[in-house]
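Input: a single structure, listed below in structure tokens.
Just so it is clear: chains get the letters A, B, ... in the order the sequence lines come, proteins before strands, and each one is counted from 1. Computed from a prediction, not measured in an experiment: that's the story for all the values here.
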2 protein chains.
Amino acid sequence: MVVYELSDDEVDRLFRALADRTRRDIVRRTLLGEVTVSQLAGSYDMSFAAVQKHIAVLEGAGLITKHPHGRERRVRGNPETIRLAQNLLDQFEQVWRARMDRLDDLLSDDQLSNETP
Amino acid sequence: MVVYELSDDEVDRLFRALADRTRRDIVRRTLLGEVTVSQLAGSYDMSFAAVQKHIAVLEGAGLITKHPHGRERRVRGNPETIRLAQNLLDQFEQVWRARMDRLDDLLSDDQLSNETP
DNA sequence: TTAATATACAACCTAATGGTTGTATATGAA
DNA sequence: TTCATATACAACCATTAGGTTGTATATTAA
């Protein structure tokens with residue numbers, strides 16, 4: 001499976017998009033099923049335009065897509081991009097795990113040198 | 001294993017902290033092994049104070065900790081918090097997967113109603 | 001055709017972010 | 001003790017983010 005290499009800018013946008021509770025909620029709702037912009041706007045205690053901006057940020061990060069249906073736009077969550085974010089975090093974990101492995105190796109070496117003086 | 005419930009503010013801070021390439025690099029380096037504030041500051045093309053601020057943001061998000069050693073502060077990455085972020089993304093994935101499961105169930109029901117007319 | 005609805009988008013405001021420089025303080029080395 | 005190093009932190013500045021209101025444009029319903 002080929003996984004896209006995200007640029008620093010894209011990664012910035014991805015995590016930035018997730019760093020807002022309203023946007024995280026929109027992602028959850030749109031992963032659960034398609035909703036229109038109006039339905040989303042009606043769910044939050046802020047103006048229609050404010051919700052529109054959040055939707056634009058999420059779209060820019062690739063976390064959602066909009067699909068025209070007559071005069072309305074249906075918003076759909078994109079699980080692929082969530083996966084990309086998970087991969088990024090996995091890479092951090094691997095860095096740490098690699099370090100732990102090196103420490104384990106050092107310990108084994110010590111044991112060896114004790115066993116063969 | 002008990003996993004801490006993060007507040008919305010904490011989640012905001014966590015993803016916000018990850019939404020900057022310099023900070024992500026600091027996290028990587030400090031997961032690889034302890035480094036001092038000076039060492040970090042020397043690695044980026046910006047002022048000491050700017051790097052200090054990035055370190056403060058990461059500390060506020062729980063992604064790193066500082067440990068005094070004489071006059072220097074050693075910075076250490078915190079894999080626990082990476083794990084918390086992973087859990088959050090997993091929750092998004094589960095929302096989507098739950099939806100897929102429901103769709104599968106619907107399909108099965110259709111098949112059944114075809115089989116028993 | 002006219003009215004209502006769904007969306008888009010510009011202009012504006014305030015607060016937060018990411019950077020700067022300058023100054024203060026603690027610790028270690030000579 | 002004196003000097004150099006490591007860190008902290010305040011004050012400032014430009015840009016971005018998150019909100020607002022107001023206006024324009026499609027599309028559907030009457």
Side-chain angles (χ1 to χ4, degrees), chain A residues 7-30 33-77 85, chain B residues 7-30 33-77 85:
Chain A
S7 70
D8 281 343
D9 279 342
E10 287 169 325
V11 178
D12 285 2
R13 259 180 270 138
L14 178 48
F15 284 123
R16 190 104 209 21
L18 290 169
D20 179 284
R21 66 205 65 186
T22 302
R23 289 197 290 261
R24 287 192 299 274
D25 197 68
I26 292 175
V27 170
R28 267 185 292 267
R29 287 196 48 189
T30 55
E34 274 190 357
V35 273
T36 68
V37 173
S38 289
Q39 286 174 322
L40 287 172
S43 322
Y44 306 102
D45 190 25
M46 62 184 75
S47 69
F48 188 95
V51 175
Q52 262 185 323
K53 278 197 189 178
H54 283 305
I55 290 172
V57 169
L58 290 168
E59 204 177 9
L63 282 163
I64 61 167
T65 49
K66 282 194 289 191
H67 305 273
H69 251 250
R71 65 180 156 187
E72 54 187 27
R73 302 295 135 105
R74 301 196 180 158
V75 182
R76 186 184 300 169
Chain B
S7 71
D8 281 343
D9 278 341
E10 287 169 325
V11 178
D12 285 2
R13 259 180 272 138
L14 178 46
F15 283 122
R16 191 103 207 19
L18 290 169
D20 179 283
R21 66 205 64 188
T22 303
R23 289 198 290 261
R24 287 193 299 275
D25 197 67
I26 292 175
V27 169
R28 266 185 292 267
R29 288 197 47 190
T30 57
E34 274 190 358
V35 273
T36 68
V37 173
S38 290
Q39 287 174 321
L40 287 172
S43 323
Y44 306 103
D45 188 25
M46 63 184 74
S47 69
F48 189 95
V51 175
Q52 263 185 322
K53 279 197 190 177
H54 284 305
I55 290 173
V57 169
L58 290 169
E59 204 176 9
L63 282 163
I64 60 166
T65 49
K66 281 194 290 191
H67 305 272
H69 252 250
R71 65 181 156 185
E72 54 187 28
R73 303 295 135 106
R74 301 197 179 157
V75 182
R76 183 185 300 169

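- Only one option out of A/His67, A/His69, A/Arg76 pairs with A/Glu34 in a side-chain hydrogen bond (donor to acceptor under 3.5 Å, both in side chains); it is A/Arg76.
- Among the nucleotides D/dA10, C/dT7, D/dT7, the one closest to the side chain of B/Phe48 is D/dT7.
- Scanning both residues, B/Ser43 and B/Gln39, for their nearest heavy atoms gives OG-O, 2.7 Å.
- Annotation: side chain of B/Gln52 is not in contact with side chain of B/Leu40 (no heavy-atom distance under 4.5 Å).
- Near DNA chain D, meaning a heavy atom under 4.0 Å away, the residues from residues 51-69 of chain A are A/Lys53, A/His54.
- Residues A/Arg16 and B/Asp20 are not paired through a salt bridge, judged by the lack of any N-O separation under 4.0 Å between the basic side chain and the carboxylate.
- Residue B/Asp12 contributes atom CG, which lies 15 Å from atom C1' of C/dA15 at whole-angstrom precision.
- Taking all atoms of both residues into account, the shortest heavy-atom contact from B/Leu14 to B/Ala85 is CD2-CB, 3.9 Å.
- Considering B/Arg13, B/Lys66, B/Lys53 as possible partners of B/Glu59, the one that fulfils the salt bridge (Lys or Arg N to Asp or Glu O under 4.0 Å) test is B/Lys66.
- As a whole-Å value, the separation of B/Met46 CE from C/dT20 P is 7 Å.
- The residue among A/Arg73 and A/Asp45 whose nearest nucleotide of DNA chain D is located toward the 5' end is A/Asp45.
- Residue B/Ser47 places no side-chain N or O under 4.0 Å from the OP1 or OP2 atom of C/dG19.
- Between the side chain of B/Arg71 and the base of D/dT5, a donor-acceptor pair under 3.5 Å is found.
- Of all non-hydrogen atoms in B/Leu18 and A/Phe15, the two that sit nearest each other are O-CD1, 3.5 Å.
- In this structure, B/Asp8 and A/Arg24 have side chains that are in contact, with non-hydrogen atoms separated by less than 4.5 Å.
- Of all the residues in residues 14-23 of chain A, A/Arg16, A/Arg23 reach under 4.0 Å from DNA chain D with at least one non-hydrogen atom.
- At a threshold of 4.0 angstrom between heavy atoms, the contacts of A/Ala41 with the nucleic acid are absent.
- For the residue pair B/Arg23 / B/His54, a side-chain donor-acceptor distance below 3.5 Å is found, with atom types taken as modelled.
- Side-chain proximity of B/Ala49 to the nucleotides C/dT7, D/dT7, C/dT20 is greatest for C/dT20.
- What separates CZ of A/Arg24 from C1' of D/dG18 is a distance of 15 Å, to the nearest Å.
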